[in-house]
Amino acid sequence: MLYSRALIPTVKEAPADAANVSHTLLVRGGYIRKVGAGMYDFLPLGLRVLRKIENIVREEMDRSGAQEILMPALLPAEFFKETGRWDLYGETLFRLKDRKGGEFHLGPTHEEIVTDIARREIRSFRDMPMNLYQIQTKFRDEPRPRGGLLRCREFLMKDAYSFDTSEEAAKESFEKMRQTYCRIFDRLGLTYRIVDADPGAIGGSKSAEFQILADSGEDAIVACDTCDYAANIEIATVKEPPLVDDGEAPEDRGKVHTPKVGSIEDVSAFLKKPKEKFLKSLVYVAGTANDPEDKRGIVLAVVRGDHDVNEIRLARALGVSEVFLANDTDVQKATGAAVGFAGPVGFEGKIVVDRAAAAVKNAVTGANETDYHFTGVNRGRDWDGEIADIRLATDGDPCPNCTGKLKTYRGIEGGHIFILGTKYSAAMGATFTDDKQEKHPIVMGCYGIGISRLVATAIEQHHDADGIRWPVSIAPYHVHIVTVGKDEPVLATAKKLYDDLRASNIDVLWDDRDERPGVKFKDADLLGMPFRVTIGAKALANGNVELKPRTEPDPKKAELVPVADIARVLVERVRAAL
RNA sequence: CGGGGCGUAGCGCAGCCUGGUAGCGCACCUGGUUCGGGACCAGGGAGUCGGAGGUUCAAAUCCUCUCGCCCCGACCA
């Protein structure tokens with residue numbers, strides 16, 4: 001592509017509404033433009049990256065034996081109504097009506113639709129295993145779109161669905177997808193961790209996330225420094241020492257006046273006691289927003305003062321689908337005190353206590369009376385509760401599987417794979433006949449990759465102060481030729497290199513604009529093509545051009561390559577990196 | 001939805017408190033000098049001040065409503 005004819009509207013200043021690196025660089029480099037919240041134009045360069053990622057995903061999915069299909073984005077409500085998700089999905093579902101008043105929605109994910117294909121087309125155990133996938137635009141009315149391409153209301157996703165005859169066979173399909181995903185993320189040049197995760201609203205028995213490591217990531221994950229244990233912090237657990245009596249003599253319970261100091265931090269400083277001697281008591285409302293038999297209840301969750309509650313684990317311990325931190329009014333009602341002074345002593349209602357908190361002796365707790373705390377509180381004597389694993393893992397915690405320590409990382413969820421079981425097939429009557437003429441529901445799995453999100457994710461992981469540093473496999477162009485000046489030999493050399501590279505299937509962008517060199521270099525760094533070739537009169541006088549990989553940090557450092565060799569050298573290096 | 005903030009030229013912003021002429025930088029156009037890391041000089045074009053209503057002789061500025069956008073939380077590829 002000739003730069004002078006391309007739509008690459010780079011800008012010097014960061015857009016005011018961009019909060020993260022990838023968003024800023026995508027806009028500054030002229031890759032994308034915002035149309036509305038969570039909706040973006042992909043300009044030519046942005047689309048090239050998107051297509052390259054898409055093609056790698058497609059190649060690896062095809063290689064795994066999966067078959068590509070395409071389902072509609074516009075869907076009649078009946079399928080989601082069949083499984084109950086029409087109600088469960090809530091506000092996130094984009095709903096619309098047709099001219100006759102019929103109910104429709106835009107697809108946020110396609111389990112129901114693909115299950116409908118399966119129940120119509122899969123009859124026999126001989127038809128499986130089968131894996132169907134599509135690369136398609138998804139629509140979710142996110143409560144809060146953010147981070148440019150990282151979280152959109154309209155986004156491109158690869159979603160795959162496996163169909164098997166048994167849970168064991170489904171595990172094999174799951175494992176095959178796990179390996180396929182590894183190949184995909186490896187080829188994309190992304191550093192990731194596979195972590196245990198919460199299946200969430202999609203449902204299912206087993207799930208793993210492919211977390212692309214990035215400090216700006218929304219997700220927190222923990223990974224063991226010794227074994228291969230890794231989990232999303234949402235469900236991560238830690239090894240807790242067994243509950244043994246350490247021999248500390250129980251003190252008498254006391255009541256202290258702690259005016260206006262509610263937080264653990266403040267009370268800890270006020271009473272000059274370490275946070276580990278505190279019990280943090282939080283009032284939760286347990287239940288399910290969309291549960292028809294809405295069994296809501298107030299629950300007190302107790303963790304050690306230096307720990308935090310893991311809400312997903314708490315919900316699991318309670319056997320409900322979700323828990324919500326109670327609002328101030330409910331806290332008042334439940335404890336009779338202002339927020340900050342809740343405690344388990346005398347609390348009327350269910351109490352769940354974390355394993356670590358259960359071991360604390362002579363603890364400080366809220367007194368369920370505004371401006372007062374108890375000291376010398378002991379479980380068993382002063383209160384008791386159901387012991388469960390309900391705390392958030394943190395840096396340095398002992399690994400649950402070995403003797404190693406957990407380390408925390410930030411990540412961006414690039415892919416998520418699930419074993420769904422028969423949740424959708426049973427609800428929708430997708431069955432097959434086995435070799436004994438018996439009917440069973442199909443066992444399903446589903447596998448997602450956020451294609452458009454990966455464009456941004458790659459930048460979060462590959463950039464420097466000057467701009468993007470694309471991995472070769474997904475760079476919009478492999479080579480960026482910068483011609484300095486308009487001397488005839490310079491232009492002729494560039495033209496020949498440009499033609500030679502294109503003939504070798506190397507994607508090449510030639511900055512042939514009538515701009516000063518500084519402008520061209522700045523744009524080249526911003527755009528981030530992996531190899532830059534500078535052709536100028538100076539080096540050319542000695543028969544050389546300059547070659548600089550984008551990853552070379554020194555802006556002035558470039559390798560001199562004879563004109564006769566440059567095309568071959570570039571072809572070799574690009575191919576080696578693919 | 002809870003909390004915070006912002007809408008003024010294509011982009012980034014000032015002006016608003018204390019009402020009276022819409023301004024700066026970048027980008028763009030013309031001419032000239034420049035030309036290896038975002039040049040300089042001179043001239044020029046470009047704005048329903050997000051929208052509606054109100055107060056006032058007079059509103060970008062004050063008041064009310066409304067729409068859009070961003071950030072922090074709960075949700076997710």
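Numbers restart at 1 for each chain; the letters A, B, ... are given by sequence-line order, proteins then strands.
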Complementary nucleotide for B/rG12 - Watson-Crick or wobble, under 3.5 Å: B/rC24
A/Phe80 and A/His105 aromatic ring geometry - parallel, tilted or perpendicular at 30°/60° bounds: tilted
Sequence-distant partners of A/Asp17, side-chain hydrogen bond (donor to acceptor under 3.5 Å, both in side chains), two or more places apart: A/Lys34
Side chain A/Glu546 and base B/rG36 donor-acceptor under 3.5 Å: yes
Pair partner, B/rA46 [Watson-Crick or wobble, under 3.5 Å]: none
Proximal nucleotide (of B/rC69, B/rC35, B/rG38) relative to the A/Arg516 side chain: B/rC35
Who pairs with B/rA39 - Watson-Crick or G-U, where each distance is under 3.5 Å: B/rU33
Nucleotide of B/rG73, B/rA77, B/rC70 approaching A/Met157 most closely (side-chain heavy atoms): B/rA77
Base B/rG38 paired with A/Glu515 side chain (donor-acceptor, <3.5 Å): no
For B/rU55, the Watson-Crick or wobble partner whose two distances fall under 3.5 Å: none
For B/rC17, the Watson-Crick or wobble partner whose two distances fall under 3.5 Å: none
Euclidean distance, atom CZ of residue A/Arg85 to atom P of B/rC76 [Å, nearest integer]: 11 Å
Nucleotide B/rC72, atom P - distance to CG of A/Leu150 in whole Å: 11 Å
Minimum-distance nucleotide to A/Lys538 side chain [options: B/rG36, B/rC76, B/rC70]: B/rG36
Whole-Å gap separating P (B/rA74) and CG (A/Asn310): 12 Å
Interatomic distance, A/Asp511 CG vs B/rC35 C1' [rounded to whole Å]: 14 Å
Rounded distance in Å between the C1' positions of B/rG54 and B/rA59: 11 Å
Counterpart base for B/rU61, defined by Watson-Crick or G-U wobble contacts under 3.5 Å: none
Whichever of A/Ala19 and A/Phe155 has its nearest RNA chain B nucleotide further upstream toward 5': A/Ala19
Residue A/Ala16, side-chain heavy atoms: nucleotide from B/rG12, B/rC76, B/rC26 that is nearest: B/rG12
Base partner of B/rG73, which must satisfy Watson-Crick or wobble distances under 3.5 Å: B/rC1
Spacing of the P atoms in B/rU48 and B/rA9 (rounded, Å): 9 Å
Side chain to side chain contact (heavy atoms under 4.5 Å, CB included) partners of A/Gln332, counting only residues at least two apart: A/Ala338
Selection from B/rG36, B/rC75, B/rG25 that lies nearest to any side-chain heavy atom of A/Glu13: B/rG25
Minimum-distance nucleotide to A/Phe521 side chain [options: B/rG73, B/rA27, B/rG37]: B/rG37
Rounded distance in Å between the C1' positions of B/rU55 and B/rU64: 11 Å
Sugar-phosphate only, base, or nothing, as touched by A/Lys138 at under 4.0 Å among non-hydrogen atoms: nothing
Sugar-phosphate, base or nothing in reach of A/Ala14, heavy atoms under 4.0 Å: sugar-phosphate
N/O (side chain, A/Arg146) to phosphate O (OP1/OP2, B/rG73) under 4.0 Å: yes
Pair A/Tyr89-A/Asp87, side-chain donor/acceptor within less than 3.5 Å: no
Integer angstrom distance from the C1' of B/rG31 to that of B/rU56: 48 Å
Touch class at under 4.0 angstrom, heavy-atom based, for A/Arg33 against every strand present: nothing
Toward the 5' end of RNA chain B, by each residue's nearest nucleotide, A/Met39 or A/Gly415: A/Met39
Heavy-atom donor-acceptor pair, A/Arg532 side-chain to B/rG36 base, under 3.5 Å: no
Sugar-phosphate only, base, or nothing, as touched by A/Glu234 at under 4.0 Å among non-hydrogen atoms: nothing
Touch class at under 4.0 angstrom, heavy-atom based, for A/Gly485 against every strand present: nothing
Sugar-phosphate, base or nothing in reach of A/Asp159, heavy atoms under 4.0 Å: nothing
Distance, P atom - from B/rC17 to B/rU61, rounded to whole angstrom: 9 Å
Sugar-phosphate, base or nothing in reach of A/Gly148, heavy atoms under 4.0 Å: nothing
Rounded distance (Å) that lies between atom P of B/rG36 and atom CG of A/Asp514: 13 Å
A/Gln136 CD - B/rA77 P separation (whole Å): 15 Å
Mate of B/rG7 where both pairing distances stay under 3.5 Å, Watson-Crick or G-U: B/rC67
A/Arg28 CZ - B/rC26 C1' separation (whole Å): 12 Å
Nearest listed nucleotide, side chain of A/Arg151, among B/rC69, B/rC76, B/rG38: B/rC76
Intermediate values then yes/no, side-chain contact (heavy atoms from CB on, under 4.5 Å), A/Thr237 and A/Arg313: CA-CA 9 Å; A/Thr237 186; A/Arg313 286 196 154 271; 3.3 Å; yes
Nearest-Å distance once atom C1' is located in both B/rG53 and B/rA77: 44 Å
Under 3.5 Å donor-acceptor pair, A/Arg144 side-chain atoms to B/rG2 base atoms: no
Whole-angstrom distance between B/rG23 and B/rU66, as gauged at atom P: 34 Å
Plane angle bin for A/Phe174 and A/Tyr447 - parallel if under 30°, tilted between 30 and 60°, otherwise perpendicular: tilted
A/Lys34 side chain near B/rC69 phosphate (N/O to OP1/OP2, under 4.0 Å): no
Touch class at under 4.0 angstrom, heavy-atom based, for A/Gly448 against every strand present: nothing
Ring-face cation of A/Arg48 near A/Tyr477 (centre distance under 6.0 Å, axis angle within 45°): yes
Per A/Asp17 side chain, nearest of listed nucleotides B/rC70, B/rG25, B/rG37: B/rC70
A/Gln211-A/Asp219 side chain donor-acceptor pair, cut-off 3.5 Å: yes
Any donor-acceptor N or O pair under 3.5 Å, side chains A/Asp395, A/Thr408: yes
Atom-to-atom span, CD of A/Glu154 to P of B/rA77 - whole angstrom: 17 Å
Parallel, tilted or perpendicular, as decided by the 30° and 60° cut-offs, for the rings of A/Tyr181 and A/Phe185: perpendicular
Spacing of the P atoms in B/rA46 and B/rG3 (rounded, Å): 44 Å
Sugar-phosphate only, base, or nothing, as touched by A/Gly450 at under 4.0 Å among non-hydrogen atoms: base
